[in-house]
Amino acid sequence: MASKSNANTDDHEPMDFQGIDLMEEDLATSSSNDVDSKFDNTIGHIEDIIMEEEFQSQQRNFLEKYYIEFEDTEENKFVYTDIHTEYVNLVEKYLSDELSKRIPGFSMQDFSKQLIERKDELEGEIFEILLTFSDFLAFKEMFLDYRADKEGRTVDLSDGLTVKSVQGDMCLDGASFSLCGHSMQKPQ
């Protein structure tokens with residue numbers, strides 16, 4: 001009888017562990033979506049902050065203070081490092097303070113790690129500004145562009161463009177229309 005009790009005497013089916021993998025996958029996806037959502041939310045706040053006059057003014061004042069130091073040469077001056085450090089401290093502190101006001105529990109350190117991890121997938125003006133924190137060449141390029149603009153060495157492509165309104169009679173009778181004396185027939 002003992003052997004009979006070892007046989008399938010209870011009515012339970014064998015356990016299926018496949019559902020556990022799906023649960024772990026759902027948790028990972030949910031966690032990943034939360035991280036993505038939090039990152040996107042932070043980026044949205046940064047976009048708002050950098051568009052505000054106070055940030056624009058601080059950045060303009062900083063560029064104005066140091067742009068004359070930067071030259072478009074391969075060689076970098078030692079002073080660039082000091083200026084870059086000052087810029088990073090100024091802007092990072094400003095952003096961190098503003099984000100802490102807007103996002104409960106915000107950590108600039110965690111956000112910086114996420115930026116580095118996503119560096120290759122990010123683009124746009126917001127990321128160019130954030131890139132000036134970690135990428136010295138982007139920082140230098142920002143100053144060189146500002147200097148070129150201040151010294152009038154930028155190309156204004158709008159110069160020489162003329163926009164004229166098209167005036168004339170437009171007649172639309174179902175079969176054809178004319179505009180400025182040019183007649184077009186409706187295809188048959």
Side-chain angles (χ1 to χ4, degrees), residues 17-150 153-158:
F17 290 103
Q18 290 176 342
I20 292 176
D21 290 343
L22 293 175
M23 263 180 38
E24 288 174 2
E25 207 171 287
D26 287 346
L27 288 174
T29 302
S30 175
S31 175
S32 173
N33 288 341
D34 289 345
V35 170
D36 289 346
S37 178
K38 189 175 180 180
F39 182 80
D40 292 344
N41 183 41
T42 304
I43 294 298
H45 283 294
I46 292 173
E47 287 174 339
D48 293 343
I49 292 166
I50 67 169
M51 296 306 293
E52 293 170 359
E53 181 56 36
E54 187 174 348
F55 178 86
Q56 293 289 320
S57 178
Q58 275 192 2
Q59 189 167 36
R60 214 176 13 260
N61 291 341
F62 194 86
L63 288 164
E64 190 66 32
K65 182 177 176 181
Y66 292 114
Y67 81 90
I68 203 73
E69 298 284 343
F70 287 82
E71 297 173 359
D72 195 4
T73 62
E74 292 285 324
E75 196 171 318
N76 293 318
K77 298 178 187 178
F78 287 116
V79 71
Y80 294 174
T81 305
D82 295 336
I83 296 170
H84 184 245
T85 301
E86 184 181 341
Y87 175 78
V88 168
N89 290 336
L90 175 79
V91 175
E92 189 173 299
K93 180 179 179 348
Y94 183 79
L95 285 176
S96 183
D97 289 349
E98 287 297 312
L99 289 168
S100 293
K101 291 177 193 174
R102 300 168 193 219
I103 304 171
F106 175 76
S107 165
M108 183 57 95
Q109 186 177 12
D110 292 344
F111 179 69
S112 296
K113 287 178 188 174
Q114 289 179 341
L115 270 179
I116 292 167
E117 291 168 2
R118 298 167 184 244
K119 179 180 166 185
D120 294 335
E121 50 187 88
L122 305 174
E123 57 185 47
E125 185 178 342
I126 180 76
F127 300 109
E128 288 176 20
I129 289 172
L130 295 173
L131 195 57
T132 61
F133 293 170
S134 60
D135 186 339
F136 176 77
L137 293 178
F139 171 78
K140 181 180 177 184
E141 190 64 36
M142 176 179 70
F143 269 95
L144 293 175
D145 289 346
Y146 186 81
R147 183 173 181 168
D149 189 48
K150 289 290 287 186
R153 293 184 287 121
T154 56
V155 178
D156 184 2
L157 297 177
S158 68

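In this text, all values refer to a predicted model and were calculated from it rather than measured experimentally.
By the salt bridge (charged side-chain N to carboxylate O under 4.0 Å, His left out) test, Glu64 is found to be paired with Lys150, residues two or more places apart in sequence or in another chain being considered.
Contact check for Arg102 versus Ile49: side-chain heavy atoms found under the 4.5 Å cut-off. Put simply, the side chain of Glu141 does not reach to within 4.5 Å of the side chain of Asp135, judged on heavy atoms. The side-chain heavy atoms of Glu71 and Lys77, taken from C-beta on, include a pair separated by under 4.5 Å. Here the side chains of Ile46 and Thr42 are in contact, with some heavy-atom distance below 4.5 Å. Between Gln59 and Leu63, the closest side-chain pair of non-hydrogen atoms falls below 4.5 Å. With a 4.5 Å cut-off on side-chain heavy atoms, Asn41 and Ser37 do not count as touching. Residues Tyr80 and Phe136 have side chains in contact (heavy-atom distance under 4.5 Å, counting atoms from C-beta outward).
Ring pair Tyr87/Phe62 is tilted by interplanar angle, where 30° to 60° counts as tilted.
Here the CD atom belonging to Glu69 is positioned 12.5 Å from the NZ atom belonging to Lys140, to the nearest 0.5 angstrom. Annotation: the span from Gln114 atom CD to Phe39 atom CZ amounts to 6.0 Å, rounded to 0.5 Å. Rounding to the nearest 0.5 Å places OG1 of Thr81 at 9.5 Å from CZ of Phe139. From His84, atom NE2 reaches atom CG of Asn76 across 11.0 Å, with rounding to the nearest 0.5 Å. Phe78 contributes atom CZ, which lies 13.5 Å from atom CD1 of Ile83 (distance to the nearest 0.5 angstrom). Atom CG of Asn89 and atom OG of Ser96 lie 11.5 Å apart (nearest 0.5 Å).
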| CA sep, side-chain torsions, deciding dist, call: Lys93, Asp97, salt bridge (Lys or Arg N to Asp or Glu O under 4.0 Å) | CA-CA 6 Å; Lys93 180 179 179 348; Asp97 289 349; 2.8 Å; yes
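For the pair Asp149 (side chain) and Asp145 (backbone), a donor-acceptor distance under 3.5 Å is absent.
The minimum heavy-atom distance linking Ser100 with Phe106 is given by the pair OG-CD2, 4.0 Å.
A side chain to side chain contact (heavy atoms under 4.5 Å, CB included) with Phe111 is found for exactly one of Gln109, Lys113, Met108, namely Met108.
For an aromatic pair to be called close, the ring centres must be under 6.0 Å apart, and Tyr66 with Phe143 fails this.
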